[in-house]
Amino acid sequence: MNCNTAAFGDLLVTGVILGSVYALIALGYTMVYGVLKLINFAHDAIFMIGAAASFYLFGVWFDLNDPASGLGLVALLVLGLAFSGLASAGAAVALERLAYRPLRARGAARLSFLISAVGASFFITYLFQQNFLLGTSEHNFGGFMSRQPLVTVLGADLNGQRLLLFFGAIAMFIFLDRFVRTTRTGRSIRGVSEDLDAARMMGVNVDRVIMATFFIGGVFGGMAGFMYALVFEKVAWNLGFIPGLKAFTAAVLGGIGNIRGAALGGLLLGLIENLSTLCIGAEWKNPIAFSVLVLVLIFKPTGVLGEGLAK
Amino acid sequence: MSEAISTATAGVTNRPTGPQFQDFLPGVARVIPEGVLGGLNRIFEAWTKLGIFRYLIAGALLAATALPLGPPKDEVLVRTGFYMLLALGLNVVVGLAGLLDLGYVAFFMIGAYTTATFTNSDMGAHPVILNPWFVIPVAVVIALIAGILLGTPTLRLRGDYLAIVTLGFHEIVRQTARNLEVVNGSRGVFSIPHPDVTIAGQELTFGVLEPQKYWFILCVFMMAALFMINRLKDSRIGRSWEAIREDEVAAPAMGIPVVKMKLYAFAIGASTSGLAGWVLATKVGFISPNNFPLLSSILVLCAVVIGGIGSSLGALVGAVIVFGLPELLRDIGTEKILGFDIQTGRIAIFGLLLVIMMIFRPGASSPRPAGAELGGGSGDIAGDSVAPGIPGQA
């Protein structure tokens, strides 16, 4: 094996940055799995909607091309995060109401949920591929933020976009962890994920809790979509697919249904796939990430931190 | 629902020797008048009595559909034919065993690449070059082994995992083919020989521009698969699949080896897919990783669901709707429907159809009445979902 150690620092940093994206998306999978025991296949489309929404906001309606700075930039970023988060959350809640709740009301088989989820994912994704939405081409994005590196860590240049993604993800995870552990809604979410029927008997409004879960997952997915688009400076109809699949891998790796597991799994997966390119060609990145999924499922299906939101 | 029970119990009380029309398409049987139903039942009974000849007749009729179609329409037929065979196989996995395989086309790809590797002397990585016909069992067995290798660890886990692992598996296989120089990477494999044969001094050639002959091969394969699937459905294995699908907790309690039975379904699906891969490789003569996008796995699933989960006939009809119809619409010059581009927009429409069919799938509520279970027999699976699908769309 020829290992090229020169790029180590660079890959480590890239791994952490990408890992943060996976972690943020993985959260959507993990929370929905926690309460419904369902893989929300359409979550990759929810992520894409976040990126698309910010593209419409900044690229089409505001049409911003000049780098902003200072308070103006902060205002734009907050606006972008709020807009993309709410757009995705709205889509996620609508998805729950239209594609999942009717099935739940009927007590449909697991297979029906999965097929409905796959259908919804492809419906949303290919709807955005139509010319009246994003179309088939890639769009440039993020002209309003300077691309100059701000700091250098381990030999890797970090610009504002990457720093925003990393610290944003940390802040969001700390907030969510506190939210789920300390608030009333958070307690309901944990209760429902522990035992849905028992929670209902204890007076928890299960439908509302499920909606809240989709909302939170959507907000995180949407914000991740916005920051991902900022870092990679591109928005396209299919940008959710591969990160979605990897985020799911991350969720399983950390222990599906476990919020801290999603964060850990995301970082681990980002590091594994990027550091593997030290010794193996970069073209093997995706096969390696998905092989991790298969291996985890064989040897430790409950993931590193174990399953369950309540943990 | 009460109607369903009454027709079903009627099937129990005066049940003749063979299956009847109402067993085959209970949903249709429910809505047509009594007299017509009786007539259909008699036709169906006579048809059933034909035994194995049914497959020969149906195969011949299916093959004959190519005759009135000249080029380029018969090309569309063959392209649809690959997916009809795929849908038949996926229906075993999804419809009969209730396992969601989202990477089904990976086995199609494995079958095609195996064929390419063992027939094309340019491949050079190994000395074994076989006549294309002898590669059929190789392609089938290798696809089957791949299915077992993937299924063994994942089928023990919850069903959701299988879905996402198969999705990942498709991507692994595709990227591996793209990166491996042994199979020419992303350039793909060229000049795969056609399955020309000499029978009794007569040379029978299969050119790339003779789609009819490949259609005939596909018809033979489809009928063979159909025969196998129908036999399996009524066997111990088929009953076990039904039990597992209906209740995964009760099935092992009844002594059914769940993982083994799931593995059978998975392996049968994979080998059917591998067989289709053989036809593709020998027909087109050129394959590359780009021929097998992830989307095609999803589209085959759409075909199975739209046709009616669990029904073989439904799978065939579904494949015609999902793969044949858009091509035909393009042929007659319709590029857009309601502002949707047919080639790309159809996927959005099919996706929406999946959701709608899951939501409005009548009779799928659980637990189902015991009468329907008894009366339906093997055809009863179809009853849940085929009923609304087939008459409307076929």
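Lettering of chains follows the sequences in order, A, B, ..., and the numbering in each one begins at 1. Atoms considered below: every heavy atom in the structure, side chains included; atoms not considered: hydrogens, waters and symmetry mates.
- The distance from the CD1 atom of B:Ile347 to the CD atom of A:Gln130 is 9.0 Å, given to the nearest 0.5 Å.
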In sequence, state the C-alpha distance, the side-chain angles, and the governing distance for B:Thr176 and A:Trp284, and then conclude on side chain to side chain contact (heavy atoms under 4.5 Å, CB included).
-> CA-CA 8 Å; B:Thr176 306; A:Trp284 290 99; 3.9 Å; yes
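- By the 4.5 Å heavy-atom criterion applied to side chains, B:Pro153 and A:Leu297 are not counted as neighbours.
- Considering every non-hydrogen atom in both A:Ala99 and B:Ile359, the closest pair reads CA-CD1, 4.3 Å.
- The aromatic rings of B:Tyr161 and A:Tyr33 lie parallel to each other, their planes meeting at an angle below 30°, with 60° marking the opposite boundary.
- Looking at B:Ile356, there are no atoms closer than 4.5 Å to chain A (heavy atoms on both sides), in backbone or side chain.
- Between the CD1 atom in A:Ile115 and the CD1 atom in B:Ile309 there is a gap of 3.5 Å [rounded to 0.5 Å].
- Contacts between A:Leu103 and chain B at a heavy-atom distance below 4.5 Å involve the side chain alone, from C-beta outward.
- Residue A:Leu293 forms a side chain to side chain contact (heavy atoms under 4.5 Å, CB included) with just one option from B:Ile172, B:Leu167, B:Ile164, and that option is B:Ile164.
- Interface remark: A:Phe241 contributes side-chain atoms only to the contact with chain B (heavy atom separation under 4.5 Å).
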What do the steps show when you test A:Phe123 against B:Leu354 for side chain to side chain contact (heavy atoms under 4.5 Å, CB included), and what is the final call?
-> CA-CA 9 Å; A:Phe123 170 65; B:Leu354 289 198; over 6 Å; no
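- For B:Lys260, the NZ atom sits in a loose shell: 12 or fewer heavy atoms of surrounding residues, nucleotides or ligands are nearer than 6.0 Å.
- Residues A:Gly119 and B:Val355 approach most closely at C-CG2, 3.8 Å, considering heavy atoms.
- Between chain B and the options A:Val118, A:Thr136, A:Val294, heavy-atom pairs under 4.5 Å are most frequent for A:Val118.
- Put simply, of B:Leu150, B:Leu295, B:Asn179, the one with the most heavy-atom pairs under 4.5 Å next to chain A is B:Asn179.
- With a 4.5 Å cut-off on non-hydrogen atoms, B:Ile298 touches chain A through its side chain but not through its backbone.
- Counting heavy atoms from C-beta outward, B:Glu171 and A:Ile242 have side chains that approach closer than 4.5 Å.
- Summarising the geometry of B:Gln175 relative to A:Glu283, their closest heavy-atom pair is OE1-O, 4.1 Å, with the distance given to 0.1 Å.
- The parts of B:Val94 that come within reach of chain A are both its backbone and its side chain, each placing non-hydrogen atoms under 4.5 angstrom from that chain.
- The structure places CZ of A:Phe122 at 9.5 Å from CG of B:Leu301, a figure rounded to the nearest 0.5 Å.
- In this structure, B:Leu294 CG and A:Asn238 CG are separated by 11.5 Å, a value rounded to the nearest 0.5 Å.
- Of the two parts of A:Tyr100, neither the backbone nor the side chain holds a non-hydrogen atom closer than 4.5 Å to a non-hydrogen atom of chain B.
- Counting heavy-atom neighbours within 6.0 Å of B:Arg156 CZ, excluding the residue itself, gives a total of 12 or less.
- The part of A:Lys37 that comes within reach of chain B is its backbone (N, CA, C, O), which places non-hydrogen atoms under 4.5 angstrom from that chain.
- The distance from the CE atom of B:Met358 to the CG atom of A:Leu114 is 10.5 Å, given to the nearest 0.5 Å.
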